[in-house]
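Below is one structure; the comments refer to it alone.
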There are 2 protein chains.
Amino acid sequence: MSTKGRSAARLARGAVKRQQILDAAAKVLARRGYAATTLAEIAEEVGSAGAGSLYYHFDSREQLIEELLCRGVHVAFEESRRAVACLPASASPLERLEAAIRAHVRSVLVESDYARASGRSAPQVPSDMWGRINADFRRYGKFYDQLIATAMASGELDATVDRSALRMLVVGAINWAPEWYRRSGTSTPDEIANLLVRLMVRGVGPAERKK
Amino acid sequence: MSTKGRSAARLARGAVKRQQILDAAAKVLARRGYAATTLAEIAEEVGSAGAGSLYYHFDSREQLIEELLCRGVHVAFEESRRAVACLPASASPLERLEAAIRAHVRSVLVESDYARASGRSAPQVPSDMWGRINADFRRYGKFYDQLIATAMASGELDATVDRSALRMLVVGAINWAPEWYRRSGTSTPDEIANLLVRLMVRGVGPAERKK
DNA sequence: GTCTATAACCGGATAGAC
DNA sequence: GTCTATCCGGTTATAGAC
């Protein structure tokens, strides 16, 4: 993306460390949550000697975390959107929604500490910070909502159910999944995603003989 | 329940304040989460002047919160069990599971700060404390698992799905619900519970004409 | 039983050496 | 750019007055 040449590369070297800090912070936040995360633990995760070192790259704990959370939503959002965009044009609205859900589950369970950190920490962020970042979360929510609305319009989902409640139940189940999912568990992330999609569409009641 | 007469009543007077503290702490924990709750805020909620006053009733912040969380699971557990027990003997295994889910949703969304606090905070408790209380959470999980297993055995749920994953997705959606549910929202708690039950059993795909 | 004061501690943030 | 030392505010916990 950069068109700035060598000087950009020189700047980028600084940016590398910045990245590493963000990566480390995402890891810590994903396992500790917003309130319990300390700069000391982040510093340890990056290999720095003390928390003071972080202040060369970031103005404050809040700013560091805010940037991290923003990236988290964008990662999950981008993954979902890409998964939808990769479908053939013939894909139905429901199939698009399903692809988004599967991608979201993958982001949160296997791919990204950022996505995991965002999902987990979103509810605990202080209100002033939330005021600055909730637009990003809403955008993602809106994206989901449109996928659902379209699937309803096509007749693939029951249009009489509360779209908002449906979305939040599904997204909630996804955001909660990192709390219990373990690699040693019985189901893989893909199997979990498949189960969640199935719950949304037809449930786990016994297969009824269709007309 | 007490059979101790007047002296118990005298002791109980002290216990009343203890209760009020626990109630206040549950309220704070439910909205702030484990890490962010401070004794000062709990004291303010009960109307005490300072945090120091709490130490007459509790040994430490940890002990106070631990007791509160234990009560939280028990409240939700008890509500669910009672809801199941109140069903007529003719109720099917699936109907029992549904009743438990509805009761759990009600506990978490409207009835109990304790249940809400427990559900929200469980993932953030430090490991030493978790070691002491996870048995209670597991007992509740086991109860759910048996309801699911029985519904599968009766043929009302597909016995080929991963019971554990199914349970955690459903419980996860419930535990997450307080994060987004607002009284001003479009659906009532009962409607949310109904939707969740429907997702589990038949999903929101279009009603298929049955055989 | 509850209050006030305070000790002990911890985490965020700054400053200056290197 | 990173480290070390340090300050400051907030939080848990204790002590002693009332």
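Just so you know, these numbers use all the heavy atoms, side chains as well, and skip hydrogens, waters and symmetry mates. All of these numbers come straight from a predicted model, not from anything done at the bench. Lettering of chains follows the sequences in order, A, B, ..., and the numbering in each one begins at 1.
Under the 30°/60° scheme for interplanar angles, the aromatic rings of A/Trp130 and A/Phe137 are found to be tilted.
With sequence neighbours left out, the salt bridge (charged side-chain N to carboxylate O under 4.0 Å, His left out) criterion links A/Glu62 to A/Arg132.
Near DNA chain D, meaning a heavy atom under 4.0 Å away, the residues from residues 29-61 of chain B are B/Thr37, B/Thr38, B/Leu39, B/Gly52, B/Tyr55, B/Ser60, B/Arg61.
A cation-pi arrangement is present between A/Arg81 and A/Phe77 under the rule of less than 6.0 angstrom and at most 45 degrees off the ring axis. Annotation: cation-pi geometry not satisfied between A/Arg167 and A/Tyr144 (NZ/CZ under 6.0 angstrom from ring centroid, within 45° of ring axis).
Taking atom CG of residue B/Leu64 and atom C1' of nucleotide D/dT11, one finds them 14 Å apart after rounding to whole Å. Between the CD atom of B/Glu62 and the P atom of D/dT11 there is a distance of 17 Å, rounded to whole Å. Rounded to whole angstrom, the span from the CZ atom of A/Arg18 across to the P atom of D/dT2 amounts to 13 Å.
Between B/Ile42 and B/Ala24, the shortest heavy-atom contact is O-CB, 4.0 Å.
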